[in-house]
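Comments concern the structure below.
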Protein chains: 2
Amino acid sequence: MKTREDYNCPLELTHDMIRGKWKPIILWQLGKGSSSLIDLQKSIHGIGQKMLIEHLKELQEFGMVDKNQFEGYPLRVEYFLTLRGRRMLDVINAMQQIGIELMVEDGKNEILREKGLL
Amino acid sequence: MKTREDYNCPLELTHDMIRGKWKPIILWQLGKGSSSLIDLQKSIHGIGQKMLIEHLKELQEFGMVDKNQFEGYPLRVEYFLTLRGRRMLDVINAMQQIGIELMVEDGKNEILREKGLL
DNA sequence: CAGCATCCGATCTGATACTG
DNA sequence: CAGTATCAGATCGGATGCTG
């Protein structure tokens, strides 16, 4: 599998780092604060456990996310953004901003307000 | 197929707009100036004609790219970024910038210099 | 030169069931 | 609660040949 060091095109590298249906929204959520797996899943509408874990794993491989594991039962982990993950929020925020503008053009202000984005 | 008006999440909307292996680099190239199909293909290393046309079509559907058709033979078209496409360059540039930083961390300055990115 | 049709393997996604 | 395994359908990507 392709790792970070294999890339010779910066745009391709970054694009691959956020590729996949759920990566941007996961980064966005973690940008709001560390989170357990279950809370992350609850906060991302529609995502399944498999996809969540799989995408988290890839985000970790690219050094954008890390986790703390706590001992004892019930099991508990805490996922959080690394410095590099925070850096990627520049891109995520820009994406979010453009999406908001387009949705406003489409008269979706109400939906955005419900989500606290407007 | 999902069109722009179907989205209720701004991040998902923008992410889908640049989804696919070649979309960011196509936008990047067109950001440097209008281009014919063949010149676009020549400037994007590794892309095939099918993928190029397919991705251009999707970029057009999302209103980021448009084209002029000229009469006569040989056929000639000119693809260019719309205002909305230019707006998306904010995201593309942010992606490019992060990618460059990561490649510098990996000691790939030489490759970047060859491409005129450093 | 610009663009379409077809075919096929690779990859992605999601549902379900299971383990520690 | 956190994480793994399996399987099937959908989508993506690329090679090739053809049309105007």
Side-chain angles (χ1 to χ4, degrees), chain A residues 1-3 6-7 9 11-13 15-27 29-30 33-62 65-80, chain B residues 1-3 6-7 9 11-13 15-27 29-30 33-62 65-80:
Chain A
M1 187 213 157
K2 221 169 177 177
T3 64
D6 299 324
Y7 291 87
C9 170
L11 202 45
E12 185 189 359
L13 168 57
H15 187 229
D16 277 6
M17 286 173 76
I18 58 173
R19 209 171 178 177
K21 185 172 180 180
W22 304 100
K23 287 216 184 68
I25 185 71
I26 292 174
L27 289 170
Q29 270 303 131
L30 288 178
S34 304
S35 176
S36 67
L37 190 67
I38 191 70
D39 286 341
L40 209 44
Q41 185 170 6
K42 282 180 192 162
S43 67
I44 301 176
H45 179 74
I47 196 172
Q49 196 191 27
K50 181 198 167 194
M51 280 297 104
L52 178 55
I53 290 180
E54 214 162 275
H55 280 118
L56 278 170
K57 201 176 292 179
E58 289 172 20
L59 290 170
Q60 290 172 77
E61 283 166 3
F62 275 111
V65 167
D66 203 354
K67 69 177 169 182
N68 290 321
Q69 302 236 29
F70 300 96
E71 307 275 321
Y73 276 82
L75 290 178
R76 210 173 87 68
V77 299
E78 185 179 66
Y79 286 94
F80 60 92
Chain B
M1 189 213 158
K2 220 169 177 176
T3 64
D6 299 324
Y7 291 87
C9 171
L11 203 43
E12 187 191 358
L13 168 57
H15 187 230
D16 277 6
M17 287 172 76
I18 57 173
R19 210 170 179 179
K21 185 171 180 183
W22 304 100
K23 287 217 184 68
I25 185 69
I26 292 174
L27 289 170
Q29 270 304 131
L30 289 179
S34 303
S35 176
S36 67
L37 191 66
I38 190 71
D39 285 342
L40 210 43
Q41 186 170 6
K42 283 180 192 161
S43 67
I44 301 176
H45 179 74
I47 196 172
Q49 194 192 32
K50 181 198 168 194
M51 280 299 106
L52 178 54
I53 290 179
E54 212 163 277
H55 280 121
L56 278 170
K57 200 176 291 178
E58 290 173 18
L59 290 170
Q60 290 173 75
E61 283 166 3
F62 275 112
V65 167
D66 203 354
K67 69 176 169 183
N68 290 321
Q69 302 236 29
F70 300 96
E71 307 277 319
Y73 275 83
L75 290 177
R76 210 174 86 70
V77 298
E78 185 179 65
Y79 286 93
F80 59 92

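Computed from heavy atoms alone, side chains included, the values below leave out hydrogens, waters and symmetry copies. Quick note on labels: first sequence line is chain A, next is B, and so on, each numbered from 1.
- Of the candidate nucleotides dG3(C), dT13(C), dT4(D), dT13(C) has the atom lying nearest to any side-chain atom of M51(A).
- The stretch residues 65-75 of chain B comes close to DNA chain D through L75(B), each having a heavy atom under 4.0 Å from the strand.
- Residue E54(A) has its side chain nearest to dT13(C) when only dA2(D), dT13(C), dG3(C) are considered.
- With sequence neighbours left out, L75(B) forms a side-chain contact (heavy atoms from CB on, under 4.5 Å) with Y73(B).
- Residues forming a side-chain hydrogen bond (donor to acceptor under 3.5 Å, both in side chains) with S35(B) (at least two apart in sequence, or on another chain): none.
- Between H55(A) and dC12(C), a side-chain N or O to OP1/OP2 separation shorter than 4.0 Å is absent.
- In this entry the distance linking CD1 of I47(B) with C1' of dA15(D) reads 14 Å, nearest Å.
- Sorted by first then second residue, the salt bridge (charged side-chain N to carboxylate O under 4.0 Å, His left out) pairs that include residues 15-24 of chain B, not counting sequence neighbours, are D16(B)-R19(B), K23(B)-E58(B).
- The side-chain contact (heavy atoms from CB on, under 4.5 Å) test applied to E71(A) returns no partner, not counting sequence neighbours.
- To the nearest angstrom, C1' of dC12(D) lies 12 Å from NE2 of H15(A).
- To the nearest 0.5 Å, the span separating OG on S36(B) from NZ on K67(B) amounts to 12.5 Å.
- Taking the side chain of Q49(A) as heavy atoms from C-beta on, and the options dA17(C), dC12(D), dA2(C), the nearest nucleotide is dA17(C).
- If you check every strand for non-hydrogen atoms under 4.0 Å, I53(A) touches a base.
- Distance alone, capped at 3.5 Å, is enough to place a donor-acceptor pair between the Q60(A) side chain and the L56(A) backbone.
- Taking atom NZ of residue K2(A) and atom P of nucleotide dC12(C), one finds them 12 Å apart after rounding to whole Å.
- Atom-to-atom, CG of D39(B) to C1' of dG3(C) comes out at 16 Å; the value is rounded to the nearest Å.
- Set against dG3(C), dT13(C), dT4(D), the side chain of R19(B) has dT13(C) as its closest nucleotide.
- Of the side-chain N and O atoms in Y79(A), one or more sit less than 4.0 angstrom from OP1 or OP2 of dG3(D).
- Rounded to an integer number of Å, the gap from NZ of K57(A) to C1' of dA5(D) is 11 Å.
- Whole-Å rounding puts the E58(A) CD to dG3(D) C1' distance at 16 Å.
- Nucleotide dG3(C) holds its C1' atom 11 Å from the CG atom of L52(B), rounded to whole Å.
- The side-chain contact (heavy atoms from CB on, under 4.5 Å) check on E78(B) picks up S34(B), N68(B), F70(B), R76(B), with sequence neighbours excluded.
- In this structure, L56(B) places its CG atom 16 Å from C1' of dG13(D), rounding to the nearest Å.
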